[in-house]
2 protein chains.
Amino acid sequence: MPGIDERDREILRILRSNGRITLTELGKKVNLSPASVKSRLEKLERLGAVKGYSAVIDPAFLGNPVTALIFIRLKDVDPYTRSMLRELASLDNVEFLYLKTGDHNVLLKGEFRDMDELREFLKSLKKTFGVNALSIEANLVVEELKNCWLADTHYDSDCGREKDYGKRQRS
Amino acid sequence: MPGIDERDREILRILRSNGRITLTELGKKVNLSPASVKSRLEKLERLGAVKGYSAVIDPAFLGNPVTALIFIRLKDVDPYTRSMLRELASLDNVEFLYLKTGDHNVLLKGEFRDMDELREFLKSLKKTFGVNALSIEANLVVEELKNCWLADTHYDSDCGREKDYGKRQRS
DNA sequence: GCTGAAATTCTGGAGTG
DNA sequence: CACTCCAGAATTTCAGC
């Protein structure tokens with residue numbers, strides 16, 4: 001990667017594990033003034049190294065206790081299909097959507113209010129892709145041992161009975 | 001969810017799509033003073049609704065252009081296996097690790113410098129789980145159409161030749 | 001990339017319904 | 001109890017170097 005040094009990468013790594021750290025704190029960690037960190041960060045955002053910032057939310061608190069992984073095998077990914085996929089990606093209960101190698105070429109993770117909503121979603125997928133979808137399969141997420149680069153503040157789908165070793169640090 | 005109202009959920013949704021929004025801005029969006037937003041947010045963090053904050057980083061800029069989805073079928077998930085999984089989750093090239101229903105009961109997403117590193121990783125997985133791993137399969141992520149609840153600022157693994165319709169908004 | 005000063009935001013406590 | 005207001009502290013931001 002041209003124009004990116006180890007300082008920049010360190011900034012990216014820190015920001016990945018603590019997205020709300022202040023520029024001042026970040027500056028202390030990488031031995032740079034807040035202003036310098038800011039200008040580097042602006043560069044990194046401009047270059048697309050930083051896609052955005054997000055809070056990691058337990059979907060149960062948003063009324064979506066059912067998380068599913070959905071695998072789709074598409075016969076071909078033509079421009080028309082891509083527009084469908086783009087639309088799918090824009091849904092606000094879809095966390096991620098990947099094109100991948102392997103038996104199924106699409107993987108999607110979504111949140112649902114209940115099994116009925118998941119069923120409806122699958123039905124609409126079938127309708128959307130029609131004969132182009134050679135196979136659609138859904139798995140339920142039973143437990144998230146890790147999500148999104150955060151440290152061990154893990155949780156269960158059935159409401160964290162886990163020991164709370166280590167509060168998140170923001171200082 | 002007891003003790004969580006629509007205001008709280010709105011805060012969670014906003015924070016999920018913009019993790020670095022300021023309390024003042026957030027307050028404007030939900031018609032609350034910064035101080036109130038702060039106390040609600042503290043409650044939400046205490047309850048575990050907010051797991052943490054993260055920047056979404058293009059792994060290529062960290063020297064890991066290869067992203068893989070790895071499926072594992074474990075014969076059983078006993079306490080010993082769980083400790084292995086926890087260790088796996090703690091690796092800093094592992095983005096997520098789920099237990100799930102279906103043919104393979106573990107799904108992992110990881111970043112790698114190159115194919116060799118991926119191969120080594122798979123080999124170490126085989127060694128770690130031994131005969132308990134009935135199957136280990138790896139797929140490559142070809143394209144991320146969506147990742148982590150951010151809007152359409154999508155990118156390709158092979159360095160964004162995509163049209164840049166829509167800059168990320170932070171205000 | 002740093003400094004310094006102005007603008008903005010954060011934060012904790014007192015006060016209100 | 002949840003909220004607002006307010007003042008001091010911290011952070012962000014931008015100019016100039």
Side-chain angles (χ1 to χ4, degrees), chain A residues 1-58 60-63 150-151 153 164 166-171, chain B residues 1-57 61-63 150-151 153 167-171:
Chain A
M1 275 297 162
I4 305 288
D5 62 14
E6 184 53 30
R7 270 285 192 34
D8 289 320
R9 285 190 288 273
E10 189 57 18
I11 289 174
L12 294 177
R13 278 188 290 263
I14 293 170
L15 233 26
R16 178 136 93 163
S17 70
N18 182 2
R20 252 178 117 75
I21 191 174
T22 64
L23 297 178
T24 314
E25 283 299 324
L26 196 43
K28 282 182 200 159
K29 283 183 196 280
V30 298
N31 279 11
L32 239 47
S33 73
S36 300
V37 174
K38 181 177 153 62
S39 75
R40 275 175 183 256
L41 197 45
E42 280 167 351
K43 177 191 67 179
L44 291 168
E45 291 176 351
R46 192 157 13 89
L47 291 177
V50 178
K51 301 298 173 191
Y53 304 89
S54 178
V56 181
I57 305 300
D58 183 340
F61 284 80
L62 288 171
L150 300 180
T153 61
D164 57 339
K167 294 289 304 171
R168 199 179 330 91
Q169 88 292 358
R170 279 189 52 192
S171 62
Chain B
M1 275 295 165
I4 305 287
D5 61 14
E6 185 52 32
R7 273 277 192 40
D8 289 320
R9 285 189 288 272
E10 190 57 19
I11 290 174
L12 294 177
R13 279 189 289 263
I14 293 170
L15 232 27
R16 177 137 91 167
S17 69
N18 181 2
R20 247 179 121 74
I21 190 174
T22 207
L23 294 181
T24 313
E25 283 297 324
L26 196 43
K28 282 181 201 162
K29 282 182 197 282
V30 299
N31 279 11
L32 240 45
S33 73
S36 298
V37 174
K38 180 176 150 65
S39 76
R40 275 173 184 260
L41 196 45
E42 280 167 351
K43 177 191 67 179
L44 291 168
E45 291 177 351
R46 191 158 11 88
L47 292 176
V50 178
K51 301 299 174 191
Y53 304 89
S54 179
V56 181
I57 305 298
F61 284 80
L62 289 170
L150 300 180
T153 63
K167 294 291 299 174
R168 200 178 330 90
Q169 87 292 358
R170 278 188 53 191
S171 62

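Lettering follows sequence order; numbering is per chain, from 1. Because only heavy atoms are used, hydrogens play no part in the values below, and waters and symmetry mates are left out as well, while side chains stay in.
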Salt bridge present between A:K38 and A:E42 (N-O < 4.0 angstrom):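 Result for this pair is yes, salt bridge flagged.
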
Side-chain ion pair, A:R13 and A:E6, N-O less than 4.0 Å: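 Salt bridge flag = yes for A:E6 with A:R13.
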
Contact pattern, 5' to 3', of nucleotides 2-9 of chain D - B, S or - by protein heavy atom under 4.0 Å: -SBB----

Rounded distance (nearest 0.5 Å) linking atom CD of B:E45 with atom CG of B:L15: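 One finds 8.5 Å between CD of B:E45 and CG of B:L15.
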
With a 4.5 Å limit on heavy-atom distance, are the side chains of [X] and [Y] in contact?
X     : Y     : result
A:K43 : A:D8  : yes
B:K28 : B:I21 : no
B:L32 : B:L26 : no

Atom pair distance, as rounded to whole Å: [atom1] in [X] and [atom2] in [N]:
X     : N      : atom1 : atom2 : value
A:L26 : C:dG1  : CG    : C1'   : 15 Å
B:E42 : C:dC10 : CD    : P     : 12 Å
A:L41 : D:dC14 : CG    : P     : 13 Å

Please tabulate, one pair per line, each protein N/O and nucleotide N/O from nucleotides 7-9 of chain C that are separated by under 3.5 Å, including the distance.
| from | atom 1 | to | atom 2 | distance (Å) |
| --- | --- | --- | --- | --- |
| C:dT9 | O3' | B:T22 | OG1 | 2.6 |

Closest contact, heavy atoms only, B:E10 versus B:V30: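 Looks like CG-CG1, 3.8 Å.
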
Non-hydrogen atoms of B:Y53 and B:G19 that approach each other most closely: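 It is CD2-O, 4.0 Å.
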
Short side-chain N/O contact to D:dT11 OP1/OP2 from A:K38, under 4.0 Å: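 No, because none of the side-chain N or O atoms of A:K38 sits under 4.0 Å from OP1 or OP2 of D:dT11.
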
